[in-house]
Amino acid sequence: MLAEPFNWQPGMWKMLIVVMCVALLGCLQAQELQEHVSIILLGATGDLAKKYLWQGLFQLYLDEAGRGHSFSFHGAALTAPKQGQELMAKTLESLSCPKDMAPSHCAEEKDQFLQLSRYRQLKTAEDYQALNKDIEAQLQHAGLREAGRIFYFSVPPFAYADIARNINSSCRPGPGAWLRVVLEKPFGHDHFSAQQLATELGSFFQEEEMYRVDHYLGKQAVAQILPFRDQNRKALDSLWNRHHVERVEIIMKETVDAEGRTSFYEEYGVIRDVLQNHLTEVLTLVAMELPLNVSSAEAVLRHKLQVFQALRGLQRGSAVVGQYQSYSEQVRRELQKPDSFHSLTPTFAAVLVHIDNLRWEGVPFILMSGKALDERVGYARILFKNQACCVQSEKHWAAAQSQCLPRQLIFHIGHGDLGSPAVLVSRNLFRPSLPSSWKEMEGPPGLRLFGSPLSDYYAYSPVQERDAHSVLLSHIFHGRKDSFITTENLLASWGFWTPLLESLAHKAPRLYPGGAENGRLLDFEFSSGRLFFSQQQPEQLVPGPGPAPMPSDFQVLRAKYRESPLVSAWSEELISKLANDIEATAVRAVRRFGQFHLALSGGSSPVALFQQLATAHYGFPWAHTHLWLVDERCVPLSDPESNFQGLQAHLLQHVRVPYYNIHPMPVHLQQRLCAEEDQGAQIYAREISALVANSSFDLVLLGMGADGHTASLFPQSPTGLDGEQLVVLTTSPSQPHRRMSLSLPLINRAKKVAVLVMGRMKREITALVSRVGYEPKKWPISGVLPHSGQLVWYMDYDAFLA
Ligand code: BG6
């Protein structure tokens, strides 16, 4: 159906001209010609438009009309013209003016705004062409120069591509005028889908034309983070770092649940809905290096991106997840699922984030959000360390001086007991400076926040509270790109969150009753890079098929596998057992020989072991341990694919192994990777011969690939299976193909070899290898037979109980 073009009645022209003349008068002072901006709100009758966007546009009009710009507002949707017009009129009727505006003035302004706002149906390519014609006709008729056009996509993402195509082909403004398209989340579901969507949009729009909204960037307290850091540089410069910051909490608690929107929520969950975007944005604003000029959008965006580059990868153990108890029932009802359906979508998540740079190394950043919690509140809280001891008794402490009181800085985003956006600075930190749009505030008497009475803080709130969308509309109008999400920023964020989302996909969230009844159920703690619920999982809250078996419900199974001892258990228990055995071996070796030579494999299976060793083995003789690599990929050691990186991330950075006891494989020599001529394998072999008595490691940790490979010794590749060479270059069937590996003869010289096999993916090979004889050419793992040492298999039940 063709859209109804703007029907410009003579009366309306008159009104428009009057409005423009009034605006023009204001502009004469500036002695410049009026520039016209057309704003097209797509989804003009939808929820977001009704709740926030029309009000934001009205505010924009109040702020900007008469300052050299004239406007027209085109509300658009798929709804037929008459019905759409009625719906839109209802919303426009309820627009409100700022509190301090006189009612008569308000009525006048509103009337003018209504005159400039029209509904139109936008459905077909012709509709968009007609829109373009109308804008051009209007400009020509009123003799206006076009400044630009804003298209606000308040529509579901599946509609983006069609709209984008139409705008690109028929609604671009003429030369010299800008185009800004505004997009609302979700921007994808994971890294891959976000990339696809970004590529699609990139085929229609330039990067500078796209304004991806994260409405948290428009919240006044969030928008104040950088200006505050800038204006208080002097005080913060020495404090804003790992030496002074104890931890950072970025929190968004909600009391509402997901009822009524489970079709969206079931697909996204709290991490995608809130943490990946809102909380991550706040994190980058707190953590980024402050550019010299915080008004430079380019510099701000660049510095934000650098934070992503320094984020340490998340592990499954970095997060805890929960789900309010009635969620599954709501999903069953709203999405017509069978009674047996139980959702795994988290409605609560807490995640521990680390930033591996000089400023923040070791400082925990805690991101937490959830539905159906006991209160609605949002804040970023920077808690400073306190190493002062006060000699005088507490009654003599004064808030402004006592170094013994808590020291914190809070960007209070909204709600909570304070009920408004605020910036709070402990009086014993420094007296902050804020712009004149913020004023000192007083709260209700007796109010305590974050463990201190409000009177212990310098507390500021905005002179005029503004809704986030209204703030962002103003930033779009002024082309302030730093308040929006660039494609690079978006993909970096998804790149950070996607591995965690994948690792949690099958994890059952802890159920919680909701509201105050949650009690301490969701409290969590963190240490050594991991985060966990403080309390044990209680009885199941809903009747299920019986409580899930806990690892402790099973005995560690001891048996034989390929004639050698086998330790088998559920994965957690197995890892604990292996870590204990390694520690015991290490302690014995150090006692007897003064040192312990441990060769470790890479890949995913040992990660949990490394973490266990890093966090729970305080008696481990690290100072006397030499760490060697069993194999390595031919990539630079700094590459995330490198086995050494895995070791570094999960173990080395948490323990104190002397630098000279760490022996990465020399895969990168003379700026080349694994070139035969560089003799990297021979160099490593010489290093082993020189330092390890008889080239016999105290312990070699191996894995077993689904094809029967071990270390980087692959089936059908003869290298390294026999002969004199201790270290060899090999070829892997999967990328990166080039590898360096200890040879089987060297492995078999070890005093002890432990083979760790975990996960369902290993079931087939575990069963197969149990039956085969000594056939290293087909299954290199079958060639692992220490000459005089001991071989022990560690297999979890997923891999072994097939
Ligand atoms: C939205 C999420 O982005 O933010 C919602 O999709 C959430 O689930 C909302 O409720 C919270 O925003 P605010 O402005 O109410 O804090």
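Just so it is clear, the values below take in all heavy atoms, side chains as well, and ignore hydrogens, waters and symmetry mates. Note that ligands are numbered from 1 as they come in the structure, with each ligand's atoms numbered from 1 the same way.
- Set against the non-hydrogen atoms of Met252, the atoms of ligand 1 under 4.0 Å away are 11 (C).
- Look at Glu329 and Arg332 and you find a salt bridge, because one of the NZ, NE, NH1 or NH2 atoms lies within 4.0 Å of a carboxylate O, short of that distance.
- Between Tyr216 and ligand 1, an N or O atom pair is found at a separation short of 3.5 Å.
- Here the CG atom belonging to Leu95 is positioned 6.0 Å from the CZ atom belonging to Phe58, to the nearest 0.5 angstrom.
- The protein heavy-atom contact nearest to atom 12 (O) of ligand 1 is His215 NE2, 3.2 Å.
- In the vicinity of Glu254, heavy-atom distances shorter than 4.0 Å reach the ligand 1 atoms 7 (C), 10 (O), 11 (C).
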ring-ring contact (aromatic ring centres under 6.0 Å, His included) evaluation trace for Phe533 with Phe524
CA-CA 4 Å; Phe533 283 122; Phe524 55 89; 7.6 Å; no

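- Geometrically, Lys219 engages Tyr216 in a cation-pi contact defined by less than 6.0 Å to the ring centre and at most 45° from the axis.
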One pair to check against ring-ring contact (aromatic ring centres under 6.0 Å, His included): Phe73 and Phe71. What are the steps and the verdict?
CA-CA 7 Å; Phe73 300 94; Phe71 290 92; 5.6 Å; yes

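- Near Asp273, with a cut-off below 4.0 Å to any heavy atom, the atoms of ligand 1 are 2 (C), 5 (C), 6 (O), 8 (O).
- For ligand 1, the atoms lying closer than 4.0 Å to a non-hydrogen atom of Lys219 are 13 (P), 14 (O), 16 (O).
- Shortest contact from atom 3 (O) of ligand 1 to any protein heavy atom: His278 NE2, 2.7 Å.
- The contact set between ligand 1 and Arg261, taken as ligand atoms under 4.0 Å from a residue heavy atom, comprises 5 (C), 6 (O), 8 (O).
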Show me the donor-acceptor pairs within less than 3.5 Å that the side chains of residues 448-456 make with the rest of the protein, sequence neighbours left out.
unit_1, atom_1, unit_2, atom_2, d
Arg448, NH2, Gly451, O, 2.7

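- Every atom of ligand 1 with a heavy atom of Lys371 under 4.0 Å away is listed here by number and element: 5 (C), 7 (C), 8 (O), 10 (O).
- In plain terms, the two heavy atoms of Ser493 and Thr280 that are nearest each other are OG-CG2, 3.9 Å.
- Scanning for side-chain contact (heavy atoms from CB on, under 4.5 Å) contacts around Ser193 gives His189, Asp190, with sequence neighbours left out.
- With a 4.0 Å cut-off on non-hydrogen atoms, Lys253 does not touch ligand 1 at all.
- Looking only at heavy atoms of the protein, atom 15 (O) of ligand 1 is closest to Arg376 NH2, 2.9 Å.
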